[in-house]
Enquirer: 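One structure is given below, represented as structure tokens, and several questions about it will come after.
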Amino acid sequence: MSCDFLALAQPGVQKLSPYVPGKPVDELARELDLDPASIVKLASNENPLGPSPKALEAIRNELAELTRYPDGNGFELKRRLAERCGVTSAQVTLGNGSNDILDLVARAYLAPGLNAVFSEYAFAVYPIATQAVGAQGKVVPAKDWGHDLPAMLAAIDANTRVVFIANPNNPTGTWFGPAALEDFLARVPENVLVVLDEAYIEYAEGDDLPDGLRYLARYPNLLVSRTFSKAYGLAALRVGYGISTAQVADVLNRVRQPFNVNSLALAAACAALDDADYLVESRRINDAGMAQLEEGFRALGLSWIPSRGNFIAVDFGRDAAPINQAMLREGVILRPVAGYGMPNFLRVSIGLQAENARCLAALAKVLDRA
Ligand SMILES: *Cc1c(COP(=O)(O)O)cnc(C)c1O
């Protein structure tokens, strides 16, 4: 009889379910024999604009160097990010996507017997990173779908080393303001690392949303993580970053894979940072698309969770799985969030005007039938 290698996996891993990504366009095209060009994918919070021309040019210029390892220290990108963020290069950690940063934190600071605190309906990677290293995830019930920061404070115990908070949060789109963050940071024990995940901050900045970087100088236990996957439109390249004290960055650097960010990603990210117009356009399209979808949902009698991300969670008031299936048959890929404990919702990423219109038309048809 062969060994049960599931039973041999460490207990935290045995209890994990794999991350479920949005359905790829080509997969649905194969399954339903559809033309991929006819499919609208609004399932992975991707930037609908297409990549920045400046990023594409930087990638082309880098191609001749593919035989070489990338700059393992990411010198140029770190320098630019440091300048942008008002910190030193020593405070910057580059990641293979910001998911990599979350993983580095877990590997450096969590272990069996220790725990990480995060919210109900929080990003699926927090439990994966936590349980992968044998630590316990302490899930704090959400309040109005968002983070209940006082309850998260109360959940911190002597074995807590990390708190993961996302602002805005995915998949709910909920956010908290500067006063709530300030109050939270002032009360978190100083030996607990607060990972403030700002994957959507470029869409969300404004008076009612804090810029995590502003708190770094006062709270040495804060790490802000950001990404090039969303507003910068480089999801496929996998590049994100963490900003923290130089000491925390040094610790993360010790467990980092030596060449975790590839050379095309490094070059494209540098170029993307310089493309201010692209970012403005990303945000404009997002604001317009959000308004378009909200208006369409209202007309369909649907409610939703107000969102400051590039996506919106729609409430169908009943099991959304059959609606999702019917939408797939219409060639529209949305994201089921039952795995997050939200079976009545689908998450819709904001697309281009025509994509949002396709989504709303398909929804009208599907809901009419169902
Ligand atoms: C999309 C997302 C990320 C970014 O992931 P990458 O690895 O940078 O592509 C991080 N956190 C949250 C909450 C997200 O939704």
Side-chain angles (χ1 to χ4, degrees), residues 18-22 24 41-48 51 55 74 77 81 92-107 116 118-130 132 137 139 142 145-147 162-176 194-204 209 212 223-243 252 256-257 260-262 264-266 268-269 272-273 282 286 305 307-313 334-337 339-340 342 345 347-350:
Y19 181 83
V20 183
K41 183 186 177 203
L42 301 174
S44 300
N45 300 348
E46 294 151 338
N47 195 317
L77 180 56
L81 284 170
V92 183
T93 305
L94 299 182
N96 192 267
S98 57
N99 284 325
D100 193 23
I101 302 291
L102 307 175
D103 237 13
L104 295 178
V105 166
R107 281 164 56 211
F118 46 85
S119 177
E120 182 185 19
Y121 314 127
F123 189 39
V125 172
Y126 307 156
I128 293 176
T130 301
V139 182
W145 303 105
H147 288 44
V162 177
V163 179
F164 290 108
I165 51 180
N167 200 34
N169 182 51
N170 171 24
T172 57
T174 50
W175 68 97
F176 47 81
V194 176
V195 176
L196 177 59
D197 181 343
E198 294 189 333
Y200 301 97
I201 195 71
E202 297 86 359
Y203 291 109
L209 235 126
L223 180 145
V224 175
S225 75
R226 294 186 174 180
T227 181
F228 285 92
S229 297
K230 310 284 162 56
Y232 286 101
L234 298 175
L237 288 176
R238 316 303 304 127
V239 52
Y241 57 100
I243 310 281
L252 300 183
R256 186 176 61 82
Q257 297 276 331
N260 62 333
V261 185
N262 73 73
L264 304 185
L266 289 171
L273 276 180
S282 290
N286 198 60
I305 304 173
S307 167
R308 290 292 288 275
N310 65 347
F311 57 88
I312 183 165
L334 305 178
R335 185 64 153 270
V337 282
Y340 283 93
M342 301 170 66
F345 287 80
R347 193 193 65 191
V348 183
S349 302
I350 312 298

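Here the structure is a predicted model, which is why all the values come from computation and not from measurement. One-based numbering, in listed order, for ligands and for the atoms of each.
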Enquirer: Which residues satisfy the side chain to side chain contact (heavy atoms under 4.5 Å, CB included) test with N262, sequence neighbours excluded?
Expert: L264, A265
Enquirer: List the residues meeting ring-ring contact (aromatic ring centres under 6.0 Å, His included) with Y241, not counting sequence neighbours, and say none if there are none.
Expert: F228
Enquirer: Is there any protein N/O under 3.5 Å from an N/O of ligand 1, and what does the full list of such pairs look like?
Expert:
| residue | atom | partner | partner atom | Å |
| --- | --- | --- | --- | --- |
| ligand 1 | 7 (O) | S98 | N | 3.1 |
| ligand 1 | 7 (O) | N99 | N | 3.0 |
| ligand 1 | 7 (O) | N99 | ND2 | 3.0 |
| ligand 1 | 7 (O) | R238 | NH2 | 2.6 |
| ligand 1 | 8 (O) | S98 | N | 2.6 |
| ligand 1 | 8 (O) | S98 | OG | 2.9 |
| ligand 1 | 8 (O) | T227 | OG1 | 2.5 |
| ligand 1 | 8 (O) | S229 | OG | 3.4 |
| ligand 1 | 9 (O) | S229 | OG | 2.6 |
| ligand 1 | 9 (O) | R238 | NH1 | 2.8 |
| ligand 1 | 9 (O) | R238 | NH2 | 3.3 |
| ligand 1 | 11 (N) | D197 | OD1 | 3.2 |
| ligand 1 | 11 (N) | D197 | OD2 | 2.7 |
| ligand 1 | 15 (O) | N170 | ND2 | 2.7 |
| ligand 1 | 15 (O) | Y200 | OH | 2.6 |
| ligand 1 | 15 (O) | K230 | NZ | 3.4 |

Enquirer: Using only atom types and a distance under 3.5 Å, with no angle test, would you say the side chain of N47 pairs donor to acceptor with the backbone of A231?
Expert: yes
Enquirer: Which residues satisfy the ring-ring contact (aromatic ring centres under 6.0 Å, His included) test with Y126, sequence neighbours excluded?
Expert: F123, F164
Enquirer: Would N45 and Y200 count as having a side-chain donor-acceptor pair, cut-off 3.5 Å?
Expert: yes
Enquirer: Supply the atom-to-atom distance R308 CZ to T174 OG1, rounded to the nearest 0.5 angstrom.
Expert: 11.5 Å
